[in-house]
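Right, one structure below, let's go through it.
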Amino acid sequence: VIDFPEEGVDDVVLEDVRAKVSEIHEKLEGIRKTAHTGRILKEGLETAIIGKPNVGKSSLLNALLREDRAIVTDIPGTTRDTIEEYVDIDGVPLKIIDTAGIRATEDAVERIGVEKARAHVESASLVLALFDGSRPFEEEDAEILSLLAGKDALLVVTKRDLPRVLDTNRLKALADFPLLEITTKEEDGLSPLIAAVMEKVYDGGGQAAEGAFVADLRTKDILDKAAEHLAAAIATMDEGLGLDFISIDLRSALEKLGEITGETVGDDVLDEIFSRFCVGK
């Protein structure tokens, strides 16, 4: 409750009020930023694995699932259709989509799989673009990079356990995405990838605040409007306008937050809060 004295408001009191409102506004902004993470924890993160044939896409899927879900062979074009599976990684649900290797092909069935792979890149929230570290950069790799425009993606160099042939410096120069190296042959071979995905999910904020996330668009919209009212109240104070103008935005912010808690902000509560603002209900 922000309480003003009976006889006017001096600068010291107004500064104190502004500081309190600013503190509340800052906390609200922090909660609003969790909406991205909240939706992922509730609905899952759609993640497409793409790359040229034999780059390790199916091996990665199997390693994440900890089971042999996809067939892995040295024959290009083994995966001709998409495979979709859900996996829990450190409490985060991921909808993993293993796609057909992207390449030019005369095989009608494989060509359909390649087109579906391109479509999944468009719809996915996160794209894991795989590049074989034991092979040189090829035309197919360049096509993979071209599909990433406007997407949230990670460049994943596979087969870290084999001698390096791929020029990763060239890869970094061609695409402005985080680059990491993995192997599915070692116990901790996926650690860099898992860490990078968690960074994406939590927007770099870490997992310490888990359990305090905005999980739906309605709540986010209400918080957005409440934050707007608080920002307007701060601006009003900075402009030196009267208490009646300040109270309007503070009242509106309180009412919006009441929509989240399910509590009705009664007239008696508003009377107590705004009784000295010299403004009617």
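The residues D98 and K57 are annotated as not salt-bridged, no charged nitrogen and carboxylate oxygen being separated by less than 4.0 angstrom. Between K20 and E23 there is no salt bridge, since none of the side-chain N atoms of the basic residue sits less than 4.0 Å from a carboxylate O of the acidic one.
Contact annotation: the side chain of L154 never approaches that of F177 to less than 4.5 Å [non-hydrogen atoms, C-beta and beyond]. Here the side chains of R135 and D141 are not in contact, with every heavy-atom distance at 4.5 Å or above.
In this structure, D249 has no salt bridge (Lys or Arg N to Asp or Glu O under 4.0 Å) partners at least two apart in sequence or on a different chain. Applying the salt bridge (Lys or Arg N to Asp or Glu O under 4.0 Å) test to D238 and every residue at least two apart in sequence or in another chain returns R18.
Heavy atoms of other residues, nucleotides or ligands lying less than 6.0 angstrom from NZ of K225 number 12 at most. The 12-atom threshold is not exceeded at CD of E26, counting heavy atoms of other residues, nucleotides or ligands nearer than 6.0 Å. Heavy atoms of other residues, nucleotides or ligands lying less than 6.0 angstrom from CG of D176 number 12 at most.
Note on residues 160-171: pairs passing side-chain hydrogen bond (donor to acceptor under 3.5 Å, both in side chains), not counting sequence neighbours, are R160-E186, D161-T183, R164-E181.
Here the straight-line distance linking atom CG of L128 with atom CG of L180 works out to 8.5 Å at 0.5 Å rounding. Rounding to the nearest 0.5 Å places CG of L64 at 11.5 Å from CD of E85. Rounding to the nearest 0.5 angstrom, the gap separating the CG atom in L257 from the CD1 atom in I24 is 9.0 Å. E143 CD to L148 CG: the interatomic distance, rounded to the nearest 0.5 Å, is 11.0 Å. One distance of note links OG1 of T47 with OH of Y86; it measures 10.5 Å at 0.5 Å rounding.
Smallest separation of non-hydrogen atoms from V165 and P136: CG1-N, 3.6 Å. Contact detail for L250 and A233: the closest heavy-atom pair is CD2-CB, 3.9 Å.
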Derivation and outcome, side chain to side chain contact (heavy atoms under 4.5 Å, CB included), residues V157 and L171
CA-CA 10 Å; V157 177; L171 195 58; 4.1 Å; yes
